[in-house]
Amino acid sequence: MADPKLTAPRGTRDLLPEDAPWWERAETVARELAHRYGFSRVEIPLFERVELFARGLGESSDAVEKEMFRVSGARGSDEERAEWALRPEPTAGIVRAFIEHGMHVRPGPLRLTTIGPMFRYDRPQAGRYRQFTQWDVEVIGDPGPAVDAELIELGHRFYRDLGIAGVEARVNSIGDATCRPAYREALVTYFAAHTERLTDDSRRRLHLNPLRVLDDRHLDPELAAGAPRSVDHLCDACRAHFETVLRLLDALGCAHVVDHRLVRGLDYYTRTSFEFYVAGREGQQDALGGGGRYDGLVELLGGPPTPGIGFGIGLDRTILAMQAQAVPLPAPPPLVAVVGATDDGVARLRVAGALRDVGIAVRPDGSARKLGKQIESAVKAGARWAVIVGEGELERVALKDLASGEQRDDLDIPAVVAAVRLT
RNA sequence: GUGGCCUUAGCUCAACAGGCAGAGCAUCGGAUUGUGGCUCCGAAGGUUACGGGUUCGAAACCCGUAGGCCACCCCA
């Protein structure tokens with residue numbers, strides 16, 4: 001039993017070998033798709049100033065209000081004692097980098113992607129961790145609406161390529177600086193007349209961030225049904241934008257439903273919002289990813305007015321869905337064990353090297369154990385083949401198929417390579 | 001941050017109403033001196049999550065703490 005004080009911090013997990021193939025698969029598909037959609041990889045720090053997240057996500061967002069994972073600074077200068085926080089999401093940092101490096105002068109729109117850990121100080125549960133991993137894509141400088149649909153289509157393609165069935169996009173439009181103020185007032189007026197039917201949280205948010213009252217799952221269904229809908233308050237430009245997004249999604253065959261209660265009620269979030277849900281995990285952590293347009297964010301953080309849109313997909317939950325649906329994983333390349341009980345060990349390493357030279361995965365057994373033990377160990381390690389090195393010239397070896405048990409003797413290395421490559 | 005359930009070997013779980021902590025699987029070794037899987041034999045593996053309390057005696061009962069899960073909250 002491990003020392004209880006020396007365990008992984010609450011809400012964090014170790015990635016163990018048995019889960020690695022799932023992560024490899026999800027990350028590989030994400031990176032390959034990002035490349036195929038014209039995205040370039042970026043990396044940003046795991047921590048930033050608290051103020052960046054406070055402004056980038058909004059003071060009233062849960063991520064800032066109660067889930068910020070603060071990092072205590074060092075002693076010393078003001079700089080060293082600045083307030084830091086582990087990143088709860090990547091968009092603020094990427095936009096910060098966009099501004100800091102003057103990327104608005106680059107030929108745009110820019111397509112940026114990253115994969116990495118995010119941190120939220122929340123109470124852990126299955127599918128909800130304090131450290132979790134997101135695949136993120138951002139398009140900066142493209143006003144849409146085509147790119148809005150393209151990103152939703154990209155999300156769908158990601159889940160489909162992984163073999164996850166039953167993913168649905170929920171989409172909404174929350175307008176922009178032109179039309180949202182009036183919508184916001186309409187919500188305040190409507191809910192203010194029914195405050196006795198609101199939860200405490202919703203009452204508090206009513207004036208701070210009225211759109212988020214719609215988020216409240218305890219919202220009286222009758223009250224919710226009668227609430228003003230953002231799509232009915234869109235200005236002409238926002239309505240045209242949203243209608244085009246929906247039309248493109250239909251044309252692309254992307255499963256989606258309009259969810260009038262899907263909101264991101266901060267001033268710099270604009271127009272298109274969307275989240276990806278998977279069937280069969282209702283009531284659990286069933287949101288696999290989400291994103292939206294943030295046409296006001298670059299300017300808010302000090303850059304030139306620049307539209308932007310992106311999404312973050314949670315790989316932890318994606319992998320839980322893959323495992324729940326038992327999606328097939330591609331077979332790994334065959335592993336070859338090199339064993340032998342009569343050589344001095346050098347021959348085994350030289351044979352292993354010769355096979356590695358041509359790209360074959362090799363697990364040599366350098367031990368002095370009996371040959372039977374070496375083969376047993378190789379099978380348990382997942383080896384598909386065993387190359388048995390004997391006495392005499394190391395160019396002549398035996399190749400044993402560990403699945404069928406068949407063995408061919410007296411082969412040279414090229415013959416071994418040819419046989420292995422057929423699997 | 002609120003409420004509930006849970007925690008015994010690496011894993012899955014036993015252990016009467018409080019009386020010597022066990023099994024299966026996995027691991028390692030032997031039977032088998034250069035050929036795995038089946039079988040048989042053996043070994044190792046425990047501060048019963050942690051800390052207190054009650055008791056002649058606690059894995060079990062009580063309190064606290066930590067962690068996991070579930071429902072909230074929210075989201076990824």
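Just so we're clear, the structure is a prediction, and the values are computed from it rather than from any experiment. In what follows, chains carry the letters A, B, and so on, assigned in the order in which the sequence lines appear, proteins first and then strands, with residues in each chain numbered from 1.
- In this structure, the nucleotide among B:G34, B:U35, B:C75 sitting nearest to the side chain of A:Q407 is B:U35.
- A donor-acceptor contact closer than 3.5 angstrom links the side chains of A:E153 and A:Y37.
- For A:H35, the NE2 atom counts as loosely surrounded, since its 6.0 Å shell holds 12 or fewer non-hydrogen atoms of other residues, nucleotides or ligands.
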Below 3.5 Å between N/O atoms, which protein atoms pair up with nucleotides 37-40 of chain B? Just atom names and distances, please.
from, atom 1, to, atom 2, distance (Å)
B:G37, N2, A:A403, O, 3.4

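- Listed nucleotides B:U35, B:G29, B:C75 differ in distance to A:R369; the shortest reach to its side chain belongs to B:G29.
- A:T7 contributes no side-chain N or O that forms a donor-acceptor pair with the base of B:G67 under 3.5 Å.
- Cation-pi contact between A:R170 and A:Y277: present, with separation from the ring centre below 6.0 Å and deviation from the ring axis of at most 45°.
- When the P atom is compared between B:A21 and B:U48, the two are found 10 Å apart, to the nearest whole Å.
- Nearest-nucleotide assignment on RNA chain B puts the 5′-proximal partner with A:G11, out of A:G11 and A:G314.
- No contact: A:L315 has no heavy atom under 4.0 Å from any strand.
- One atom, CG of A:D286, and another, C1' of B:A76, lie 11 Å apart when rounded to the nearest Å.
- The side chain of A:R10 places an N or O atom within less than 4.0 Å of a non-bridging phosphate oxygen (OP1 or OP2) of B:G68.
- The closest side-chain heavy-atom distance from A:E27 to A:L315 is below 4.5 Å.
- Shown here, B:U32 forms no base pair; nothing in the strands shown gives a Watson-Crick or G-U wobble contact with both key distances under 3.5 Å.
- Judged by Watson-Crick or G-U wobble contacts below 3.5 Å, the nucleotide B:A49 has B:U65 as its partner.
- Distance noted for atom P between B:G34 and B:A44: 28 Å (whole Å).
- With a cut-off of 3.5 Å on both Watson-Crick or G-U wobble distances, the partner of B:A43 is given as B:U27.
- Classification of the A:F274-A:F311 ring pair by plane angle, with boundaries at 30° and 60°, yields perpendicular.
- When the P atom is used for both B:U27 and B:U65, the distance is 41 Å, rounded to whole Å.
- Between A:E376 and A:R369 no salt bridge is recorded (no basic side-chain N to carboxylate O distance below 4.0 Å).
- Of the residues near RNA chain B, A:G291 and A:D122, the one whose nearest nucleotide (by heavy atom distance) lies more toward the 5' end is A:D122.
- As the counterpart of B:G22, B:C13 is assigned, both hydrogen-bonding distances of the Watson-Crick or G-U wobble pattern falling under 3.5 Å.
- B:C16 and B:G3 are spaced 34 Å apart, taking the C1' atom of each and rounding to whole Å.
- Nucleotide B:G1 holds its C1' atom 17 Å from the CZ atom of A:R120, rounded to whole Å.
- Listed candidates were B:C75, B:C28, B:U35. Nearest to the side chain of A:I375 is B:U35.
- A donor-acceptor contact shorter than 3.5 Å links the side chain of A:R180 to the backbone of A:I174.
- For A:Y129 and B:C70, the OH to C1' distance is 14 Å, given to the nearest whole Å.
- At the phosphate of B:U27, OP1 or OP2 sits under 4.0 Å from a side-chain N or O atom of A:K380.
- Comparing B:C73, B:C75, B:C69 against the side chain of A:R128 picks out B:C73 as the nearest.
- A cation-pi contact links A:R49 to A:W84, judged by a cut-off of 6.0 Å to the six-membered ring centre and 45° from its axis.
- At whole-Å resolution of the value, CD in A:E18 and P in B:G10 are 15 Å apart.
- If you measure from atom CG of A:D365 to atom P of B:G36, you get 14 Å, rounded to the nearest angstrom.
- Between B:G4, B:U32, B:G29, one nucleotide has an atom nearer to the side chain of A:K370 than all others, and that is B:U32.
- Listed pair A:Q125 / B:A71 meets the phosphate criterion, a side-chain N or O lying under 4.0 Å from OP1 or OP2.
- To the nearest angstrom, C1' of B:U35 lies 15 Å from CD of A:E406.
- For B:C75, its base sits under 3.5 Å from the side chain of A:R317 at one donor and acceptor pair at least.
- Only the P atoms considered, B:C6 is 28 Å distant from B:G24, to the nearest whole Å.
- Here the separation of B:G64 from B:G4, taken at their P atoms, is 11 Å to the nearest Å.
- Between the P atoms of B:G37 and B:A59, the separation comes to 41 Å (whole Å).
- Here the P atom of nucleotide B:A76 and the CG atom of A:L262 are 10 Å apart, to the nearest Å.
- The residue from A:R13, A:R128, A:R130 that alone fulfils the salt bridge (Lys or Arg N to Asp or Glu O under 4.0 Å) condition with A:D316 is A:R13.
- In the set B:C75, B:G68, B:C70, the nucleotide with an atom closest to the side chain of A:P124 is B:G68.
- Across B:G30, B:U35, B:C74, the shortest atom-to-atom separation from the side chain of A:K373 is found for B:G30.
- Atom-to-atom, CD of A:Q374 to P of B:G29 comes out at 11 Å; the value is rounded to the nearest Å.
- If you check the side chains of A:Y294 and A:E138, you find a donor sitting under 3.5 Å from an acceptor.
- In this structure B:A59 sits in no base pair that meets the Watson-Crick or G-U test at under 3.5 Å.
- For B:A26 and B:A60, the C1' atoms lie 28 Å apart once the distance is rounded to whole Å.
- If you check distances only, the side chain of A:R123 never reaches the base of B:C70 with a donor-acceptor pair under 3.5 Å.
- Remark: of the listed residues A:F158, A:Y159, A:W135, A:Y159 is the sole one forming a ring pair (Phe, Tyr, Trp, His ring centres under 6.0 Å) with A:F276.
- Across the strands present, B:A71 finds its partner in B:U2; the criterion is a Watson-Crick or G-U wobble pair with both atom distances under 3.5 angstrom.
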